[in-house]
Amino acid sequence: MNPVAERRWNQFKANRRGYYSAWVFLVLFGLSLIAEFIANDKPIVMKHDGRLWFPVLVSYTEKELGGTLPIEAQYKDPYVQALVEDSGGWMIWPIVPYTYNEPDRFIDSAVPAPPSAEHWLGTDDVGRDTLARLIYGFRLSVLFGLSLTILSSTIGVTVGALQGYFGGMVDLLGQRAVEIWAGLPVLLLLIILASVVEPNVFWLLGILTMFSWMPLVGLVRAEVLRTRNFEYVRAARALGKSNFGILKDHVLPNAMVATLTFLPFLLSGAVTTLTALDFLGFGLPPGSPSLGELLAQGKANLQAPWLGLTGFVTLGLMLTLLIFVGEAVRDALDPRKIVQQLPEVTVGQPA
């Protein structure tokens with residue numbers, strides 16, 4: 001690790017709040033990536049007819065298990081369970097034996113059901129397990145936010161760098177185009193498009209990417225305008241290096257410091273946007289695991305406060321962790337910050 005990277009890493013760790021928030025967020029996100037092994041209505045592993053089966057990874061039909069129907073086996077069906085038990089087999093279930101899109105068909109109370117030993121966070125108004133939907137919804141929100149952040153950052157950095165480096169008419173026309181594009185009513189366009197086509201993850205990602213890159217343009221443009229007149233950039237230009245090479249090797253690495261500090265806040269904004277659209281009914285398709293849909297369920301079922309509280313606490317915790325991580329990244333990339341270290345004290349000398 002070079003001295004600059006080591007200093008930044010030490011400064012990041014010095015911000016204890018952001019450092020531990022990053023670890024908590026990474027652990028939660030890592031667990032959500034293996035959601036199928038944590039919350040699923042299929043066994044993780046099963047022994048049947050003397051061999052091991054992995055229903056969580058492979059789809060087996062009821063006929064393959066010795067039944068009659070050529071459709072995927074329903075492992076909670078007493079008939080399927082009897083087939084496995086009669087062969088001397090067993091099943092190992094996930095911690096949460098429910099998935100996000102299947103209701104509990106054997107529930108013995110009215111829905112939405114309150115928290116219990118069977119459903120730790122209760123169920124929604126159609127009997128789906130709230131904890132399972134929360135785990136899958138957390139993963140979907142973070143992955144969507146990361147994808148939107150990466151795509152919008154790529155476009156915003158590219159546009160801002162070109163405007164700042166070339167200046168002149170490129171900068172002038174680019175700024176006018178950005179101002180016109182920023183003036184479009186995004187929510188109204190989403191409502192209109194949602195009434196024309198059925199929204200899905202990729203459609204929503206593409207539409208939001210078209211309007212999420214603009215906040216970075218002004219920041220990158222200002223940094224590139226400042227950096228392009230430095231002596232090493234002039235020297236590279238005098239030596240005949242191409243404009244693309246100068247941008248890639250000299251301008252952007254120095255201009256990206258301020259941009260990187262902005263990325264965690266872009267991620268939190270992307271998650272909030274998706275949640276708001278789902279809450280209003282213009283986001284993901286019905287039935288998708290979503291924090292916004294969970295909040296909408298809480299609003300529609302005031303007699304079931306666990307739904308609204310679960311969505312609120314999860315969203316608040318996620319955004320708080322991202323903000324703390326963003327502050328730590330900002331401190332780590334700030335060259336004016338100095339890592340505070342305690343002076344060394346040797347034995348026999350006063351502290």
Side-chain angles (χ1 to χ4, degrees), residues 1-35 37-39 95 121 131 134-154 156-157 212-213 215-216 219-220 222-223 227 252-276 291-292 294 309-346 351:
M1 186 181 294
N2 60 63
V4 175
E6 184 177 3
R7 186 200 66 80
R8 290 174 176 173
W9 173 245
N10 291 333
Q11 187 61 50
F12 180 80
K13 291 195 298 182
N15 189 322
R16 295 297 181 185
R17 184 173 60 185
Y19 178 71
Y20 291 120
S21 295
W23 276 111
V24 172
F25 180 80
L26 289 175
V27 169
L28 293 176
F29 181 51
L31 291 175
S32 71
L33 291 177
I34 56 172
F37 294 90
I38 299 176
I95 299 175
L121 295 178
L131 180 56
L134 178 65
I135 296 172
Y136 284 89
F138 182 89
R139 178 176 68 178
L140 180 60
S141 297
V142 176
L143 289 176
F144 183 91
L146 287 173
S147 302
L148 182 58
T149 301
I150 293 172
L151 291 175
S152 58
S153 298
T154 302
V157 169
S212 300
W213 54 270
L216 278 176
L219 181 64
V220 176
E223 290 293 322
T227 308
L252 281 180
N254 292 278
M256 285 298 293
V257 172
T259 306
L260 290 175
T261 62
F262 203 63
L263 293 185
F265 304 102
L266 280 179
L267 176 58
S268 62
V271 172
T272 305
T273 302
L274 177 64
T275 303
L291 299 179
L294 186 59
L309 288 175
T310 299
F312 172 77
V313 171
T314 303
L315 186 61
L317 176 62
M318 183 196 308
L319 296 180
T320 301
L321 293 175
L322 290 174
I323 293 299
F324 287 162
V325 172
E327 292 177 350
V329 172
R330 180 190 61 196
D331 291 345
L333 297 177
D334 189 350
R336 296 169 298 181
K337 288 282 186 177
I338 301 176
V339 180
Q340 298 294 329
Q341 295 180 344
L342 294 177
E344 296 183 0
V345 179
T346 57

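As a basis for the values below, the full set of heavy atoms in this structure was taken, side chains included, without hydrogen atoms, waters or symmetry mates.
Note that CG of Leu267 and CD1 of Ile323 are 9.5 Å apart. Values are rounded to the nearest 0.5 Å. Expressed to the nearest 0.5 Å, how far CD1 of Ile150 lies from CG of Leu266 amounts to 11.5 Å. Of the inter-residue distances, the one linking Leu121 atom CG with Leu134 atom CG reads 6.5 Å to the nearest 0.5 angstrom. Annotation: the span from Leu33 atom CG to Ile135 atom CD1 amounts to 12.0 Å, rounded to 0.5 Å.
Listed by chain and number, the residues in a ring-ring contact (aromatic ring centres under 6.0 Å, His included) with Phe12 are Trp9 (sequence neighbours excluded). Annotation: side chain to side chain donor-acceptor pair (under 3.5 Å) contacts of Arg8 (sequence neighbours excluded): none. Applying the side-chain contact (heavy atoms from CB on, under 4.5 Å) criterion to Glu223, with sequence neighbours excluded, gives Arg226, Ala255, Ala258. Under the side-chain contact (heavy atoms from CB on, under 4.5 Å) criterion, Leu317 pairs with Leu28, Leu321, sequence neighbours left out. For Leu252, the side-chain contact (heavy atoms from CB on, under 4.5 Å) partners at least two apart in sequence or on another chain are Val157, Ala161, Met256. For Ser152, the side-chain contact (heavy atoms from CB on, under 4.5 Å) partners two or more places apart in sequence, or in a different chain, are Ser212, Trp213.
A donor-acceptor contact shorter than 3.5 Å links the side chain of Ser268 to the backbone of Phe265.
When each of Leu291, Leu315, Leu131, Leu294 is paired with Thr310, the side chain to side chain contact (heavy atoms under 4.5 Å, CB included) condition holds for Leu294 and for no other.
The minimum heavy-atom distance between Gln11 and Asp331, with the atom names listed, is CG-O, 3.3 Å. Residue Gly145 comes nearest to Ala270 through the heavy atom pair CA-CB, 3.8 Å, listed as atom of the first residue, atom of the second, then distance. Between Arg139 and Ser32, the closest heavy-atom pair is CD-O, 3.0 Å.
Residue-environment remark: CG (Leu31) exceeds the threshold of 12 foreign heavy atoms within 6.0 Å.
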May I have the list of side-chain donor-acceptor pairs in residues 17-25 shorter than 3.5 Å, sequence neighbours left out?
residue : atom : partner : partner atom : Å
Arg17   : NH2  : Glu327  : OE1          : 2.8
Tyr19   : OH   : Trp23   : NE1          : 3.2
Ser21   : OG   : Arg17   : O            : 2.6

side-chain contact (heavy atoms from CB on, under 4.5 Å), that's the test. Do Asn15 and Phe324 meet it? Break it down for me. CA-CA 9 Å; Asn15 189 322; Phe324 287 162; over 6 Å; no
